[in-house]
Amino acid sequence: MTEIFSDTGFRQLTQMFLAIIFFHTSEYILAIAIHGASKVTLSSLLISKHYALAMLISVLEYITEIVFFPRLKQHWWISNFGLIMIILGEIIRKIAIITAGRSFTHLIKIRREEHHRLVTEGVYQIMRHPSYSGFLVWSVGTQVMLCNPISAVAFAVVVWRFFAERIPYEEHYLKQFFGRQYVEYAQRVPSGVPFVN
């Protein structure tokens, strides 16, 4: 049990909790800055029961493995690669949010609002859904940083499936809002989530 309080355990768990706190706090602050405090709710923190359960399970995996297989957590190049993934995912997502401005919302809009515009500049020239791409990289990175093999695979599969279902649903409305303009944009720019067109 002392392995949890070792330098390795302290470093990796601290980085994990700091990454989670920074991610959600910055999402909330950006939502207030862009949309105004009156239009932002706690749902802008993006913390669901399923998400909280997944993070709890990942911490339980970490504790179990550091107690029974402490050497598994000593692969610093893997842990540092995960930290790079966290930072890269965070940067991609926040650039996407800032670039989209008022057109970015955490919930899919099913009615076009007057300020809603098709964003195709900046990071949106490279991928249609950079915020999803950033979250996928960030979430898997949290598990790679912890050297959690089971949770890393599970997070990759679950988050990918979530976006594989969400992207077509969201794009149905984007095609309604922007018509041929969106269809042409989607034909030339990939989604940003692997194997999801």
Side-chain angles (χ1 to χ4, degrees), residues 1-31 42-99 106 123 126-167 190-196:
M1 195 67 171
T2 57
E3 288 86 354
I4 299 167
F5 302 106
S6 67
D7 288 345
T8 300
F10 181 76
R11 175 190 167 215
Q12 290 170 328
L13 286 173
T14 300
Q15 286 176 177
M16 164 78 160
F17 290 119
L18 287 175
I20 292 170
I21 290 166
F22 181 82
F23 178 88
H24 294 289
T25 303
S26 61
E27 291 277 319
Y28 192 69
I29 290 168
L30 272 176
L42 286 178
S43 66
S44 296
L45 286 173
L46 300 178
I47 300 173
S48 67
K49 287 182 226 173
H50 293 103
Y51 174 83
L53 180 63
M55 287 300 181
L56 176 63
I57 290 169
S58 77
V59 170
L60 292 175
E61 177 188 350
Y62 183 83
I63 292 169
T64 302
E65 289 170 355
I66 200 167
V67 169
F68 294 104
F69 312 104
R71 288 182 53 163
L72 181 65
K73 305 302 179 186
Q74 299 294 330
H75 299 285
W76 290 111
W77 69 272
I78 294 175
S79 187
N80 289 336
F81 182 73
L83 187 57
I84 291 167
M85 288 176 69
I86 290 170
I87 294 166
L88 182 63
E90 188 75 65
I91 290 168
I92 292 168
R93 183 165 171 90
K94 294 315 188 277
I95 287 173
I97 293 171
I98 292 166
T99 302
H106 289 100
V123 72
I126 302 165
M127 56 188 117
R128 298 191 312 271
H129 299 280
S131 68
Y132 296 165
S133 178
F135 183 80
L136 177 61
V137 171
W138 178 88
S139 64
V140 174
T142 63
Q143 302 313 304
V144 173
M145 189 268 303
L146 290 177
C147 298
N148 272 359
I150 297 167
S151 290
V153 171
F155 273 49
V157 170
V158 170
V159 174
W160 180 87
R161 277 188 58 201
F162 175 78
F163 290 136
E165 292 172 8
R166 184 178 173 107
I167 286 172
S191 72
V193 175
F195 311 110
V196 177

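Taking CH2 from Trp77 and CD1 from Ile84, the interatomic distance works out to 11.5 Å, rounded to the nearest 0.5 Å. In this structure, Gln12 CD and Trp76 CH2 are separated by 5.0 Å, a value rounded to the nearest 0.5 Å. Atom CG of Leu60 is separated from atom CD1 of Ile150 by 12.0 Å, given to the nearest 0.5 angstrom. The line from CD1 of Ile63 to CG of Leu13 is 6.5 Å long, rounded to the nearest 0.5 Å.
Identified under the salt bridge (charged side-chain N to carboxylate O under 4.0 Å, His left out) test for residues 51-70, with sequence neighbours left out: Glu65-Lys73.
For the pair Arg93 and Val137, the minimum side-chain heavy-atom distance is 4.5 Å or more. Put simply, the side chain of Met127 does not reach to within 4.5 Å of the side chain of Ser191, judged on heavy atoms.
Residue Gln15 comes nearest to Met145 through the heavy atom pair NE2-SD, 3.0 Å, listed as atom of the first residue, atom of the second, then distance. The two residues Pro70 and Gln74 have their closest heavy-atom pair at O-CG, 3.5 Å. Heavy atoms only, all atoms of each residue included: Cys147 and Ile78 are closest at SG-CG2, 4.1 Å. When every heavy atom of Thr8 is checked against every heavy atom of Tyr62, the shortest pair comes out as O-OH, 3.6 Å. Of all heavy-atom pairs spanning Leu72 and Pro149, the tightest one is CD2-CD, 4.1 Å.
Every residue was checked against the side chain to side chain donor-acceptor pair (under 3.5 Å) condition with Ser139, not counting sequence neighbours, and none meets it. The side-chain contact (heavy atoms from CB on, under 4.5 Å) search around Ala19 returns Ile86, Trp138, not counting sequence neighbours. In terms of the ring-ring contact (aromatic ring centres under 6.0 Å, His included) criterion, Phe155 has no residue partners (sequence neighbours excluded). In this structure, Ser131 has no side chain to side chain donor-acceptor pair (under 3.5 Å) partners at least two apart in sequence or on a different chain. Residues meeting the side chain to side chain donor-acceptor pair (under 3.5 Å) test with Glu90, sequence neighbours left out: Lys94. In this structure, the side-chain contact (heavy atoms from CB on, under 4.5 Å) partners of Ile95, at least two apart in sequence or on a different chain, are Ile91, Thr99, Val123.
For Thr25 (side chain) and Ile21 (main-chain N/O), a donor-acceptor pair under 3.5 Å exists by modelled atom type.
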(request) Given side chain to side chain contact (heavy atoms under 4.5 Å, CB included), test Ser58 with Met16 step by step and report yes or no. (result) CA-CA 10 Å; Ser58 77; Met16 164 78 160; 3.5 Å; yes

(request) Evaluate the side chain to side chain contact (heavy atoms under 4.5 Å, CB included) criterion for residues Leu146 and Gln143: first the C-alpha distance (whole Å), next the side-chain angles of each, then the deciding distance (0.1 Å), finally the verdict. (result) CA-CA 5 Å; Leu146 290 177; Gln143 302 313 304; 4.1 Å; yes

(message) Test ring-ring contact (aromatic ring centres under 6.0 Å, His included) on His24 and Tyr51; report intermediate values, then the result.
(response) CA-CA 12 Å; His24 294 289; Tyr51 174 83; 5.1 Å; yes

Which atom pairs, donor and acceptor, lie under 3.5 Å between side-chain atoms of residues 160-167 and protein residues at least two apart or in another chain?
from	atom 1	to	atom 2	distance (Å)
Trp160	NE1	Pro194	O	2.5
Arg166	NE	Tyr132	OH	2.6
Arg166	NH2	His106	O	3.0

